[in-house]
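To start, the structure itself, in structure tokens.
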Amino acid sequence: MDGKTLARIGAVIFVAVAVTATAVGITRKEEKREGAASLPSSSSTLSPLRWELRRCQILGEAALLDGGCLRLWAEQRDRFVGSAAPSFGSAPKPVASPLPNANTQEAR
């Protein structure tokens with residue numbers, strides 16, 4: 001056989017193996033994602049905070065009506081942002097805009 005022919009056969013085999021490995025890898029990732037949505041078992045070592053966050057995540061849109069999830073998210077947001085975050089009762093501070101006010105008309 002010619003050297004070029006052997007190289008082409010080798011390239012075709014390599015591409016076939018690469019495509020097969022990619023297809024197997026993708027299907028395994030999808031199986032892991034489906035299993036990740038379930039609640040953790042009692043034998044896992046998730047902290048109570050992470051377990052509650054996972055519960056709220058699994059609730060989906062219903063978590064917006066769950067007072068526990070709303071409280072938990074507010075605590076996490078405050079922890080992330082810090083205590084300098086404005087509270088709900090305070091008025092927002094005005095921001096100076098570098099653009100001229102479009103509502104004022106110049107007298108001509």
Side-chain angles (χ1 to χ4, degrees):
M1 261 194 205
D2 189 13
K4 283 185 174 182
T5 306
L6 285 176
R8 287 181 182 164
I9 291 172
V12 168
I13 291 172
F14 176 77
V15 169
V17 169
V19 168
T20 304
T22 303
V24 169
I26 290 173
T27 56
R28 286 187 180 169
K29 286 181 184 177
E30 289 174 357
E31 290 172 2
K32 289 179 184 177
R33 287 182 191 150
E34 291 172 3
S38 63
L39 281 173
S41 64
S42 60
S43 64
S44 67
T45 59
L46 287 179
S47 70
L49 173 65
R50 287 192 61 98
W51 192 87
E52 284 296 317
L53 287 170
R54 179 70 51 92
R55 183 185 69 83
C56 293
Q57 178 187 18
I58 291 171
L59 283 176
E61 237 179 280
L64 296 173
L65 302 174
D66 186 355
C69 290
L70 294 174
R71 178 190 50 77
L72 185 65
W73 289 335
E75 289 174 5
Q76 290 301 305
R77 183 176 49 249
D78 290 345
R79 193 174 112 202
F80 178 76
V81 175
S83 61
S87 63
F88 289 111
S90 66
K93 296 179 181 177
V95 177
S97 174
L99 301 175
N101 192 352
N103 294 333
T104 60
Q105 295 178 0
E106 295 180 24
R108 292 183 185 207

* Can you hop from W51 to L59 via hydrophobic side chains spaced under 4.5 Å? -> no
* ILVMFWY cluster, L49 and W73 together (side-chain gap under 4.5 Å) -> yes
* **Spacing of CD1 belonging to I58 relative to CZ belonging to R55, to within rounding of 0.5 Å** => 9.5 Å
* Asked: So how far is it from L72 CG to R77 CZ, rounded to the nearest 0.5 Å?
  -> 10.5 Å
* Asked: If every non-hydrogen atom of T27 is compared with every non-hydrogen atom of V24, which pair is closest and at what distance?
  -> OG1-O, 2.8 Å
* Provide the closest heavy-atom pair for A63 versus C56 in the form atom of the first, atom of the second, distance. => CB-O, 3.5 Å
* Would you call R71 and E75 a salt bridge, taking side-chain N to carboxylate O under 4.0 Å as the test? -> yes
